[in-house]
Q: 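So that we are looking at the same thing, I have put the structure below in structure tokens.
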Amino acid sequence: MLKKNMMKALSLTVATSLTMATMGCASINTKENELTMESTEDTIASENTEKAETITNDKDGEHAIEVDGETAEYTDIKVVKTGDSDQGDEADFYGDNAAIFATNGATLTLSGIEVETDGTHANAVYSYGEGTTVNISDSTILTAGNCSGGLMTTGGGTMNASNLTIRTTGNSSAAIRSDRGGGTVTVDGGTYTTAGTGSPVIYSTADITVRNASMESTASQGVVVEGKNSATLENVTLVADNNTKNSDKSDYYQAVMIYQSMSGDADQGTASFTMKDSSLTNLNGDIFFVNNTVAEISLTASEIENQGDGVFLRAAAAGWGNEGSNGGQVNLNATDQTIDGDLVVDEISALNLYLQQGSTFNGGINTDGEAGAVYVSLSDDSVWNLTGDSYITSLTCDADSVKLNGYKLYVNGVEYTEGTKSEGTAIELQQASGSGMPEGAPDGQGGNPPEKPEGAPDGQGGNPPEKPEGASDGQGKNPPEKPEGASDGQGENPPEMPNGQGGD
């Protein structure tokens, strides 16, 4: 059954078009993905039943469904989108070529639908702009092309999702994705899987919350948070296998990356990652990596297992930001939490570790010697079991909180004596210096899309451009030009990163 108040859809012949392109997403590693579209479709075929209607579109830069400033509802349909976008920013920031697109304060409700896309920059379901809301439930999304996310939210849009199955197989194709201008994303229930390089399950330049869900990445990080944005996981199972690099900016693999690319796609400020009553299994490298930003990591009653050979947390410089001030600045809050593994804080990074409400830390800190500033605070019912010599700057603990186990702990260069109470002071965390933007860069090269100048035609600023009269499909959609002298990532390509939407 199809219910609608408004329908802008084109029923066209479906053409298959899977191409390799790098526009609008970071450099692409051409290693064959572990999953294919065919095997993915076979796997979930039993979950789907024949739909009442199929809506198709095979034109470059177009949508199968577009809802502009109105209210619409679709139930029991299948949407198939092929065709590519050669306008990187228009696709990533403003929704060009998305299969289902809502904008200009629209409210779009989707239930019991199937969405398949097979093209470059063919995001499946896209919410753009403040006041725009997409509600989607009990549905299946498959994307096969590069730079093709499952759920996409930008420009302050809202996305509410429940009980979805999302599988992406292309590179730079997060299952739950945002870009410039961010927004609010809430996901409850479902299964979310990615197979491509640079395709975490979650790539956040927004406020993203996922509850009661199963998530797995088979080539990339599980979660990436960029800039002054957040990812919150509650009662979630996450398996991450970051095993394919997409750039040379970092030497490390990790399950969760928190960073600031300085590309302008995310405002500068404190990034946040929260995990509660969840499980995280890391198959390769480190658990957490923080670079070029201040990060607030909060862990509560979650099972975190590292099956790789890396550390629990690494705060360190990498290839983003200004050399010498681009370390990681971290508050790590553990509540009723066990932490297994070492913590590494390089000489330009800092860490405040708070162990609270019966938390246990089994590991060492900077076991190779003094480096960055580190403060450790333990509540009277929490314990630190050393597994190696450790070097920190300041310590607050009761007499029975630190168990040396034959190792040495140095606090500001002085060896700590087991059984001694200590009172210390937290480290003041410093945001990375410099915005990474050229002086005088126009609006829209920070976290927000550019505003349309007064009297400017549509397509200049926050609104997707209209095609000029007589323009062929896909024409008349040029993104704002990069200002003279702007660094890479300030035009059509999002930042390179360790296998997030950019790569390692």
Q: Just to verify, what does Asn160 make a side-chain contact (heavy atoms from CB on, under 4.5 Å) with, not counting sequence neighbours?
A: Thr133, Asn135, Thr158, Thr186

Q: Tell me, please, which residues at least two apart from Thr270 pass side-chain hydrogen bond (donor to acceptor under 3.5 Å, both in side chains).
A: none

Q: Provide the full list of salt bridge (Lys or Arg N to Asp or Glu O under 4.0 Å) pairs with a residue in residues 284-295, sequence neighbours left out, each pair given once.
A: Asp286-Arg314

Q: In a check of side chain to side chain donor-acceptor pair (under 3.5 Å) between Asp68 and each of Asn104, Thr103, Thr132, which one passes?
A: Asn104

Q: Does the side chain of Met257 reach to within under 4.5 Å of the side chain of Asn242, using non-hydrogen atoms?
A: no

Q: Looking at Asn97, Thr56, Asp118, which hits side chain to side chain donor-acceptor pair (under 3.5 Å) with Lys81?
A: Asn97

Q: When the ring planes of Phe101 and His63 are compared, do they come out parallel, tilted or perpendicular, using 30° and 60° as the limits?
A: parallel

Q: Taking salt bridge (Lys or Arg N to Asp or Glu O under 4.0 Å) as the cut-off, I'd like each qualifying pair that reaches into residues 302-312, sequence neighbours left out, listed once.
A: none

Q: Output all residues satisfying side-chain contact (heavy atoms from CB on, under 4.5 Å) with Ala124, sequence neighbours left out; order by chain, then residue number.
A: Val115, Thr117, Ile141, Thr143

Q: Quick one about Thr120 and Asn146 (side-chain donor to acceptor, distance below 3.5 Å, no hydrogens or angles considered), yes or no?
A: no

Q: List for me each residue that meets side-chain hydrogen bond (donor to acceptor under 3.5 Å, both in side chains) alongside Asp277, sequence neighbours excluded, and say none if there are none.
A: none

Q: Scan for salt bridge (Lys or Arg N to Asp or Glu O under 4.0 Å) pairs involving residues 215-225, sequence neighbours excluded, and state none if there are none.
A: none

Q: Is Lys276 salt-bridged to Glu234, going by a charged N under 4.0 Å from an acidic O?
A: no

Q: Return the minimal non-hydrogen interatomic distance between Gly149 and Asn123, and the atom names on each side.
A: N-OD1, 2.7 Å

Q: Considering residues at least two apart in sequence or located in another chain, which fulfil the side-chain hydrogen bond (donor to acceptor under 3.5 Å, both in side chains) criterion with Thr109?
A: none

Q: So which atom in Val330 and which in Leu313 form the shortest heavy-atom distance, rounded to 0.1 Å?
A: CG1-CD2, 4.4 Å

Q: Check side-chain contact (heavy atoms from CB on, under 4.5 Å) between Ala91 and all other residues, then give those that pass, not counting sequence neighbours.
A: Ser85, Asp96, His121

Q: State which residues pass side-chain contact (heavy atoms from CB on, under 4.5 Å) with Ser217; sequence neighbours excluded, sorted by chain then number.
A: Thr194, Val201, Ala240

Q: Looking only at heavy atoms, what is the nearest atom pair of Tyr94 and Tyr126, with distance?
A: N-OH, 3.2 Å

Q: List the atom of Lys245, the atom of Thr197, and the distance in Å for their closest heavy-atom pair.
A: O-CG2, 4.1 Å

Q: Say whether Ser111 and Ser137, considering side chains only, have a donor N or O and an acceptor N or O under 3.5 Å apart.
A: no

Q: Sequence neighbours left out, what passes side-chain hydrogen bond (donor to acceptor under 3.5 Å, both in side chains) with Ser127? Give chain and number order.
A: none

Q: Taking atom types as modelled, is there a side-chain donor on Ser278 or Ser302 under 3.5 Å from an acceptor on the other?
A: no

Q: Mind listing the closest non-hydrogen atom pair of Gln431 and Asn292 along with its distance?
A: OE1-O, 4.5 Å

Q: Who passes ring pair (Phe, Tyr, Trp, His ring centres under 6.0 Å) against Phe288, sequence neighbours left out?
A: Phe273, Phe312

Q: Given Leu299, which of Thr274, Leu332, Leu280 fulfils the side chain to side chain contact (heavy atoms under 4.5 Å, CB included) condition?
A: Leu332

Q: What residue among Asp179, Val125, Val185 forms side chain to side chain contact (heavy atoms under 4.5 Å, CB included) with Met152?
A: Asp179

Q: For residues Leu238 and Gly222, report the shortest heavy-atom separation together with the two atoms involved.
A: CD1-CA, 4.0 Å

Q: Do the charged groups of Glu116 and Lys78 touch, with an N to O distance under 4.0 Å?
A: yes

